[in-house]
Amino acid sequence: MMDLNGLLLFTILLPLVGALGMALFGRYPNIREGITLTTAIILLLQVINIYDYLMAGRAPEAGPFEVLPGLAIHFAVEPLGMLFALIASTLWIINSIYSIGYMRGNDESRQTQFYICFAVSLFGVMGIAFAANLFTLFLFYEVLTLATYPLVAHKANEEAKKGARLYLMLLLCTSMGLLLPAIVWTNALAGTMDFTPGGILEGNASPLVMTVLMVLFMFGIGKAALMPIHFWLPAAMVAPTPVSALLHAVAVVKAGVFTVVKVIVYIFGIDVLAANGAGDWLLYAAGFTVLVASLVAVRQDNLKKRLAYSTVSQLSYVILAAAILTPISAIGAALHIAAHAVSKITLFFAAGSIYTAAHKTEISQLNGIGWKMPITMTAFAVGAISMIGLPPTAGFLGKWFMLSSAVSADKWLAVWVIVLSTLLNTAYFLPIIYRAFLLKPDVTGDHGEAPLPILIAISATATGTVLLFLFPGVAFDLAERMVGR
Amino acid sequence: MIEAFLTNYNYFITIFLMSAGLYIVVARGNMVKKLVGVALFQSSVYLLYLSPAKILGGTPPILAEGFDVYANPLPHVLILTAIVVGVATLALGLALVVRINEAYGTIEEDEIFAEGEDLQNDAKTPRVEGEL
Amino acid sequence: MRLDVILRVITKLLLPFMVMFAFYVHFHGEFSPGGGFQAGVIIAAAVVFHALMFGLYPTQRMLPPWVVEMLVPLGVFIYVVVGIVTMMLGENFLGYNPLHPTKPYYGQERGIIWIEVGVLVTVASTMVAIFYAFAGRGRKP
Amino acid sequence: MSTAALDASFNLIQQLPALQVVLPMLGSVITAMVRKGAIAWFVALAVSWSMPFVAVVLLHEVLVHGTISYAMGGWEPPLGIEYRVDAANAYVLVIVSLIGAVVMPYAKRVVDADIAQENQAWFYTMYLLCLCGLLGIVITGDAFNAFVFLEISSLATYAMIAMGRDRRALVAAYQYLIMGTVGATLYVIGVGILYVMTGTLNFADLVDRLQTVENQRPVLAALSFITVGLSLKVALFPLHKWLPNAYAYAPSMATVFLASTATKVAIYLLVRFYYSIYGPNIELSGYSAGLVLVVLSLLAMFISSFVACFQQNVERMLAYSSVAQIGYITLGISFGSKLGLTGGLVHLVNHAFMKGALFMCTGAIMLRLGSVKLDDLAGIGRRMPITMAAFTLAGLSLIGVPGTVGFVSKWYLARAAFDAGQGWLVFAIMASSLLAVVYIGRIIEVAYLREPNNITDEFAKDPPLSMMIPTGILVIACFYFGINAELTAVTAERAADAFFAYFGAAGQ
């Protein structure tokens with residue numbers, strides 16, 4: 001029996017060990033992919049293990065390992081991080097299965113590098129999820145940024161290089177230029193960087209300083225894609241589909257909004273912010289992003305681009321929810337992180353599936369494709385419905401909590417934003433489903449469904465989207481614990 | 001004013017040598033002349049150290065009957081070292097100039113840089129491809 | 001080179017005296033003006049003088065460049081060894097007192113003489129080496 | 001003269017300060033006499049490997065027992081030359097000697113490739129003299145002695161650079177010689193003025209006597225001479241023009257060694273004057289020297305990084321980056337606070353690690369390809385995987401990614417900026433590290449994402465183990481001290497204390 005601290009450390013380091021194994025066996029694709037899957041499964045089991053301990057009230061903790069006096073790497077398990085880790089490790093398995101199908105199906109080069117970087121990204125995600133202070137979080141945040149750069153640049157053509165440059169520069173610029181100063185400043189003000197329920201800044205900073213800090217944090221967390229720093233998401237669309245899934249569903253943007261929620265809840269403190277109004281502007285910024293991104297999404301013809309802008313708007317839902325600053329809205333934010341993860345990964349898998357089987361990327365080419373690829377397009381429909389926020393899918397839960405908290409907190413702006421954007425969501429998702437199933441097929445292309453691994457993955461996530469609605473227990477539990485109820 | 005000048009004339013000579021040497025270093029493109037300037041510049045330091053060490057009426061710093069006032073020996077020792085350093089620098093500099101003359105066929109700086117070997121900057125014709 | 005008998009004869013006569021004067025300067029170095037620096041330069045001057053009069057190659061036959069290049073580090077070597085010996089004897093680096101078993105006064109004298117020998121060798125050979133390097137440049141050896 | 005010395009026998013610990021300088025000098029003499037490259041290398045290796053032991057023992061002694069004073073030749077200070085070791089210079093001694101020890105095994109192959117057989121022994125002689133000079137500057141407690149060592153190391157450096165691959169090295173060496181000599185002379189003028197005003201050259205004695213000097217104006221003039229002179233050696237912007245050429249055209253081994261040590265030592269001396277000698281007498285900020293330093297550091301950080309972005313020659317790019325990194329160090333110094341000084345000193349060692357590793361990688365590329373032009377590096381990431389992996393990791397460190405030494409430095413600097421009430425500087429620090437992303441990113445992109453050309457295909461492969469292991473050691477150091485900075489940071493803090501504590505120590 002491993003002791004608790006060892007368990008946590010082992011879990012975080014596991015993907016890194018896996019990456020090492022993949023590097024060693026890079027010559028043998030089967031062994032390499034076997035290692036990927038094994039690592040992913042063990043990781044999930046470990047995370048579930050940790051979840052059990054958390055529920056039993058014995059949250060594991062590792063560290064602090066002091067880098068410098070006052071600067072320590074420290075891991076601890078708390079509910080929100082637990083949720084994030086659960087989502088990421090579950091989706092990694094599915095994504096791995098999908099990747100194997102996709103990479104082999106499209107005969108991509110540099111597959112070993114792909115799998116290694118993927119595993120390192122998961123290492124980053126685990127670190128972010130279990131970080132107990134801002135420094136640790138930042139450390140793994142940057143690990144994630146750097147590990148995903150080779151993935152985005154995977155195709156190594158001019159377009160991919162350009163997209164990857166933009167991706168890297170924007171994320172690093174924001175994180176180093178804004179987030180890091182904010183962290184240092186926080187540390188200078190509060191003397192600590194630990195995530196503490198209720199926040200650490202109360203009494204240490206004036207409302208004005210807090211507002212400035214808030215701006216630094218929110219725009220510094222570039223991964224949360226708050227406008228106007230959302231450009232990296234569409235730019236990163238040059239990457240292969242599994243990578244897009246990683247960016248949009250499993251890891252990157254989730255890490256962004258996760259960090260946002262974490263900072264608002266554990267650094268500023270919901271009550272503190274609600275009292276002094278330092279976070280009021282965030283409501284407007286997030287609302288603006290939700291609406292504008294949705295409007296842009298409507299105008300995109302490229303399927304992945306449309307999904308990308310949809311992600312931008314959905315992310316701001318989470319920020320919006322957090323900015324409402326009530327415990328219930330925070331629960332909504334947490335639930336939406338989970339819901340968006342499963343739904344968006346379904347949508348991306350579907351897009352990739354279409355690309356693999358039919359080599360189509362534009363929405364205008366999809367007429368009648370639903371009858372040729374029924375499984376794919378059904379899954380797509382499920383994902384789309386979830387994004388719009390209709391039952392019986394996971395998206396409904398998050399939106400419900402957000403709406404009810406907005407109403408009860410008298411934040412009518414938020415209410416209007418949510419209602420309007422739901423309409424817009426419908427406007428950009430329904431036409432796709434309509435085309436796929438109800439329009440006459442084009443003459444071009446004689447293709448069937450995508451390879452089997454892809455279909456397995458896609459069905460799993462679509463089912464997950466529905467299941468999360470029917471059995472939200474785990475996610476709900478964790479979200480409630482986060483706000484301390 | 002004049003008195004100040006006269007009592008401290010050694011310093012003014014030092015300053016003059018110093019500026020003259022530095023000027024030659026900056027203004028001349030001929031590598032040998034530059035070295036001459038450096039040598040002049042260094043000489044000014046010798047004067048700076050030695051002139052205050054001499055005490056009017058003092059003897060060389062050797063113990064002898066009947067003399068109580070000595071020149072300060074330390075600066076002389078220091079400057080002996082500095083002169084050696086200067087000689088070494090000059091020798092090395094001249095050796096470099098000889099080698100440069102053999103390699104380039106000239107010892108004028110502007111001609112050497114005009115050879116287009118991108119000494120100053122490899123990116124004289126900036127190729128921006130691959131910039132991030 | 002022109003055969004200039006008078007100069008050559010006088011040179012041959014002068015050279016021993018130059019070297020002797022160098023040693024005079026050297027061995028007076030520890031208590032009166034003089035020492036290895038000056039002596040070294042005088043010796044080097046003697047060599048250069050010889051080269052000016054009889055040509056570079058005869059001089060280099062007399063004092064081959066490889067010997068000169070060996071002498072340069074040798075002088076420093078003597079200097080360092082004296083320092084290390086004093087360290088071995090329990091003093092600080094270049095603390096000459098223990099060089100004489102009973103009288104520190106003589107110890108100082110011995111130490112300085114040996115140090116100056118090192119300086120002399122290095123200075124003389126460096127000067128000659130610089131002269132060789134510049135004078136021999138661009139000719140076939 | 002010391003009287004108790006006669007009866008004492010040879011005491012190794014007591015003699016260490018002298019050995020630190022004497023051993024390299026002895027080594028250089030031996031290498032000059034043996035004339036055989038291989039034997040000379042072995043001698044240089046033996047000396048270089050013994051140096052860290054001496055330095056570490058000294059550091060330990062200092063941290064445990066306090067300042068060590070060693071009277072050269074038994075002449076007691078302030079009359080004689082004093083070697084005075086406190087935590088500050090012991091720290092720098094350890095850095096310099098460690099880098100020397102790591103570089104030597106690496107040197108064998110690159111020196112074989114860069115330098116003709118008959119000149120190799122001379123090259124090692126120059127290296128050892130340079131090492132001797134650098135260690136001497138650090139260990140001495142005498143202003144003029146520091147000048148002499150400065151010139152020893154500089155002359156050796158000029159000679160090393162001139163042995164570079166092609167004729168451009170000669171011009172680079174010449175330019176450095178002119179600039180370096182002017183700098184050293186300016187320094188010695190400053191020291192001369194100080195001597196005229198106070199009648200002493202001993203650092204500790206200077207501190208005391210400066211307070212009794214009534215006319216402060218010449219003293220300030222001396223400070224400005226010393227500042228400008230040393231800034232030339234430090235390559236503080238805008239006095240850095242000699243550095244890029246010197247680093248780019250010198251033999252690889254010299255580049256690695258100089259980039260990690262030479263400028264650091266000059267910085268040490270500058271800090272010694274600012275904090276230890278003038279510190280108690282003149283408020284740094286009162287005469288706006290601090291402000292000037294801030295401005296120059298910022299200019300260095302931005303302009304040099306920016307210039308680095310447009311370089312085609314990778315070694316020049318890294319050289320410009322060095323100028324920028326020196327800006328970080330001087331920025332830390334300019335705060336005038338203990339935290340800032342600690343940050344500067346931490347960056348001193350950190351930068352030595354990462355630049356050493358980076359230049360080792362470019363040296364390896366030079367060895368295999370004979371060029372470090374950016375375009376010739378296409379696809380090299382697949383052909384020299386370990387070298388480029390090391391380059392990437394060290395590059396990340398240069399950028400200052402958390403978990404690397406670069407981040408630790410930046411953290412200190414940022415904290416110091418906040419403590420000094422100049423929070424805006426934090427943004428400047430971070431912004432300039434983003435420029436590092438650009439230039440390092442360019443190289444990495446070319447190396448990994450472009451297809452190799454046929455030259456690369458044929459010749460590029462990882463260098464021999466003797467070169468990879470030193471590189472690996474430095475890269476590991478970049479990360480180890482990024483995750484566990486206890487050792488470097490705490491020592492740097494003690495060193496910073498020592499700089500401040502010089503005042504009043506003179507009487508002891």
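By convention in this document, chain letters (A, B, ...) are assigned in the order of the sequence lines, proteins followed by strands, and residues within each chain are numbered from 1. Values below: all heavy atoms of this structure, side chains included; hydrogens, waters and symmetry mates excluded.
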- prompt: Side chain, backbone, both or neither: which part of Ile399(D) has a heavy atom under 4.5 Å from chain A?
  reply: both

- prompt: Highest number of heavy-atom pairs under 4.5 Å with chain D: which of Asn187(A), Leu178(A), Val143(A), Asn157(A)?
  reply: Asn187(A)

task: Validate the cation-pi geometry between Lys338(D) and Phe500(D): distance from NZ or CZ to the six-membered ring centre under 6.0 Å, angle to the ring axis within 45°.
output: no

- request: Measure distances from Ala431(D) to the heavy atoms of chain A and classify the residue's part below 4.5 Å as side chain, backbone, both or neither.
  value: neither

- request: Under 4.5 Å heavy-atom distance to chain A, tell me which part of Phe481(D) shows up: side chain, backbone, both or neither.
  value: neither

field: Which atoms of Leu172(A) approach chain D - backbone, side chain, both or neither, heavy atom under 4.5 Å
entry: both

message: Are Phe195(A) and Leu137(A) packed together at the side-chain level, in the sense that at least one heavy-atom pair is separated by less than 4.5 angstrom?
response: yes

- prompt: Relative to each other, are the rings of Tyr328(D) and His347(D) parallel, tilted or perpendicular (30° and 60° limits)?
  reply: perpendicular

message: Tell me whether the rings of Phe25(A) and Tyr28(A) are parallel (<30°), tilted (30 to 60°) or perpendicular (>60°).
response: tilted

query: Is it true that Arg442(D) and Glu445(D) make a salt bridge, defined as a side-chain N closer than 4.0 Å to a carboxylate O?
result: no

Residue Leu139(A) versus chain D: region with a heavy atom under 4.5 Å: both

message: Does the plane of the ring in His154(A) sit parallel, tilted or perpendicular to the ring in Phe114(A)? Use 30° and 60° as the thresholds.
response: perpendicular

- request: With a 4.5 angstrom heavy-atom cut-off, could you sort out which part of Glu142(A) is near chain D: side chain, backbone, both or neither?
  value: side chain

- request: Check whether Leu189(A) gets within reach of chain D through its side chain, its backbone, both or neither, counting any heavy atom under 4.5 Å.
  value: neither

query: Measuring heavy-atom distances to chain D, does Leu179(A) have an atom under 4.5 Å in its side chain, in its backbone, in both, or in neither?
result: neither

message: Under 4.5 Å from any heavy atom of chain D, what part of Phe140(A) do you find: side chain, backbone, both or neither?
response: neither

- prompt: Would the Phe135(A) and Phe407(D) ring centres measure less than 6.0 Å apart?
  reply: yes

